[in-house]
Amino acid sequence: EASLDTFLEITMSLGLLRSVGSVARRSFPRNLTHANASTLVIAEHDNSTLSPSTLSVVTAASKLGEVDILVAGFNCEAVSSQAAAVAGVGNIITGNDAGLETGLAENFSRAVVAAAKSKGYSHVMAPSSNFTKNYLPRVAIELDSAPMTDVIEILGEDTFVRPMYAGNSLATIKSQDSVKLLSIRTTAFDKCADSGGSAEMEDLVLEGTCDAGLSAFKSASASESERPDLTAASVVVSGGRGMKSGENFGMLEELADKLGGAVGASRAAVDAGYVPNELQVGQTGKVVAPDLYIAVGISGAIQHLSGMKDSKTIVAINKDAEAPIFQVADYGLVQDLFNAVPEISSKV
Ligand SMILES: Cc1cc2nc3c(=O)[nH]c(=O)nc-3n(C[C@H](O)[C@H](O)[C@H](O)COP(=O)(O)OP(=O)(O)OC[C@H]3O[C@@H](n4cnc5c(N)ncnc54)[C@H](O)[C@@H]3O)c2cc1C
């Protein structure tokens, strides 16, 4: 009985969320600029290059009004200059501190809190990423604000849309916190221009407060790839358990290279050790929305779909005509992938 109650409660709240959503959609005009909103966008970077994901967050933030960017790092002047060129940004606030060099969440969150408080921003926004997932909750505690993650639409100053239940439902949420803390699903917003801006430069006074003394960076290991970044690629060729082995991914790499795309994978392919973890697409992997997504030997589990169903065109190759992937695919080929993929490769 308890579980039935819970089920009814969830169903009702979903109904409620939907109806709030439709009202909210109607009552907010397309241009949402508001005089009192000022947003601090947290730049993602490696101390030398500004990540393009930051540009999508600036687009999201611009819907509400003034936008400043925080560049927190060490010897990161090059990033601040790139940020200053971003169109439509008012101020670049640079927090330069040795404790911020490697982006440790314990330290980085201190810089974000200091910057957010420095001018009393109404909104703080960052790209939805593994990096953000690590520091944002720490910022939330300090600012006493409930973070809203993976936001895909901004309906107004306090009203936002985010997916839930692995993308099966869209929740419209309204925040009453004085500082709205958001992570933005970057595939849902176009990147703004990275040139033509003329932001003012400012330094954030940190006075050595950025080493929390709780963690230390030891080492990083990343696999080298000449291919475009999975989350930024316009074509993604992904393989699943149907690929049978890591060597067989060679044929997907060949196709991806011909199309100038990236290679992705399902969790089953990662768990079986065919490819490294950073290629995983899905709820617990990366969320991608390329122009073309080719799913090869992937059944289309809900947790995989939530990472790719916003792709513009989806092609599925699977020998099982009943595979759920065909429900989201624009073009489907029911065939043995070991025949189909080489044939497609030879024709592109
Ligand atoms: C909490 C949680 C989080 C998860 N997160 C993710 C996630 O982020 N990403 C993710 O992908 N999964 C995730 N999963 C796992 C997910 O539920 C599925 O198990 C997984 O996506 C299945 O991967 P697959 O489609 O490669 O394998 P399968 O479901 O085994 O499908 C293999 C497919 O290959 C086809 N096939 C086999 N041989 C051939 C052939 N020769 N030619 C053509 N087709 C062939 C089969 O018909 C089948 O449809 C998560 C699960 C949980 C519980």
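Throughout, numbering of the chain's residues begins at 1 and tracks the sequence. In each ligand, atom 1 is the first atom listed, and ligand 1 is the first ligand listed.
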The criterion is ring-ring contact (aromatic ring centres under 6.0 Å, His included); which residues satisfy it with Phe160, sequence neighbours excluded? none
What part of Gln335, side chain, backbone, both or neither, has a heavy atom within less than 4.0 angstrom of ligand 1? backbone
So, Ser129 versus Thr132: side-chain donor-acceptor pair below 3.5 Å or not? yes
Starting from atom 47 (O) of ligand 1, locate the nearest protein heavy atom and write down its residue, its atom name and how far away it is, to 0.1 Å. Asn318 OD1, 2.7 Å
Suppose I only count heavy atoms of Ser266 and a 4.0 Å limit; which atoms of ligand 1 are within that range? 11 (O), 23 (O), 24 (P), 26 (O)
Any side-chain heavy-atom pair of Val235 and Pro290 under 4.5 Å: no
Any chance you could measure Lys286, atom NZ, to Ser128, atom OG, to the nearest 0.5 Å? 13.0 Å
Ring-plane angle category for Tyr274 and Phe249, please: parallel below 30°, perpendicular beyond 60°, tilted otherwise. tilted
Any donor-acceptor pair under 3.5 Å linking the side-chain atoms of Glu157 with those of Ser122? no
Sub-4.5 Å side-chain heavy-atom contact between Ser118 and Glu202: no
Atom 42 (N) of ligand 1: the protein heavy-atom neighbour that sits closest, reported with distance to 0.1 Å: Leu337 N, 2.8 Å
Does a donor on one side chain and an acceptor on the other come within less than 3.5 Å for Glu44 and Ser53? no
Is ligand 1 less than 4.0 angstrom away from at least one heavy atom of Met243? no
Looking at atom 19 (O) of ligand 1, is any protein heavy atom nearer than 4.0 Å to it? no
Element-labelled atoms of ligand 1 that are located less than 4.0 Å from some non-hydrogen atom of Gly242: 32 (C), 34 (O), 36 (N), 37 (C), 38 (N)
How far is atom 41 (N) of ligand 1 from its nearest protein heavy atom, and which residue and atom name does that atom have? Asp336 OD1, 3.3 Å
Is it the case that over 12 heavy atoms from other parts of the model lie below 6.0 angstrom from the CD atom of Glu200? no
Atoms of ligand 1 less than 4.0 Å from Val281 heavy atoms? 7 (C), 8 (O), 9 (N), 10 (C), 11 (O)
Any nitrogen or oxygen of Ile317, side chain or backbone, less than 3.5 Å from one on ligand 1? no
The atoms of ligand 1 lying under 4.0 Å from a heavy atom of Gln283, numbered in the order shown, are 7 (C), 8 (O)
Identify, by atom number and element, the atoms of ligand 1 in contact range of Phe338, meaning under 4.0 Å from any of its heavy atoms. 41 (N)
Spatial distance of atom OH (Tyr121) from atom CG (Asp68) [nearest 0.5 Å]: 3.5 Å
How long is the span from the CD atom in Gln303 to the OG atom in Ser306, to the nearest 0.5 Å? 7.0 Å
Select one of side chain, backbone, both or neither to describe which atoms of Val296 lie under 4.0 Å from any atom of ligand 1, heavy atoms only. neither
Selected option - heavy-atom contact closest to atom 31 (O) of ligand 1, from Gly300, Ala316, Gly307, Ser299: Ser299
Considering only heavy atoms of Lys244, which atoms of ligand 1 have at least one such atom less than 4.0 Å away? 37 (C), 38 (N)
Give the residue and atom name of whichever protein heavy atom lies nearest to atom 30 (O) of ligand 1, and the separation in Å to one decimal. Arg241 NE, 2.6 Å
Lys312 side, atom NZ; Leu292 side, atom CG - distance, nearest 0.5 Å: 11.0 Å
Starting from atom 22 (C) of ligand 1, which protein heavy atom do you reach first, and at what distance in Å? Ala268 CB, 3.9 Å
Between Ser266 and Arg241: side-chain donor-acceptor atoms closer than 3.5 Å: no
Specify the protein heavy atom at minimum distance from atom 43 (C) of ligand 1: its residue, its atom name, and the distance to 0.1 Å. Lys319 N, 3.2 Å
Could I get the full list of side-chain hydrogen bond (donor to acceptor under 3.5 Å, both in side chains) partners for Glu253, not counting sequence neighbours? none
Polar proximity ligand 1 side, Ala301 side, N/O cut 3.5 Å exclusive: no
Looking only at non-hydrogen atoms, the one of Gly297, Gly240, Ala323 nearest atom 32 (C) of ligand 1 is Gly297
Just need the protein heavy atom nearest to atom 7 (C) of ligand 1, so name the residue and atom and give the distance. Gln280 NE2, 3.1 Å
Selection from Met308, Gln303, His304 by shortest heavy-atom distance to atom 50 (C) of ligand 1: Gln303
Please report which non-hydrogen protein atom sits nearest to atom 12 (N) of ligand 1, along with the residue it belongs to and the distance in Å to one decimal place. Arg267 CB, 3.2 Å
Give the atom numbers and elements of ligand 1 that come within less than 4.0 Å of a heavy atom of Gly285. 8 (O)
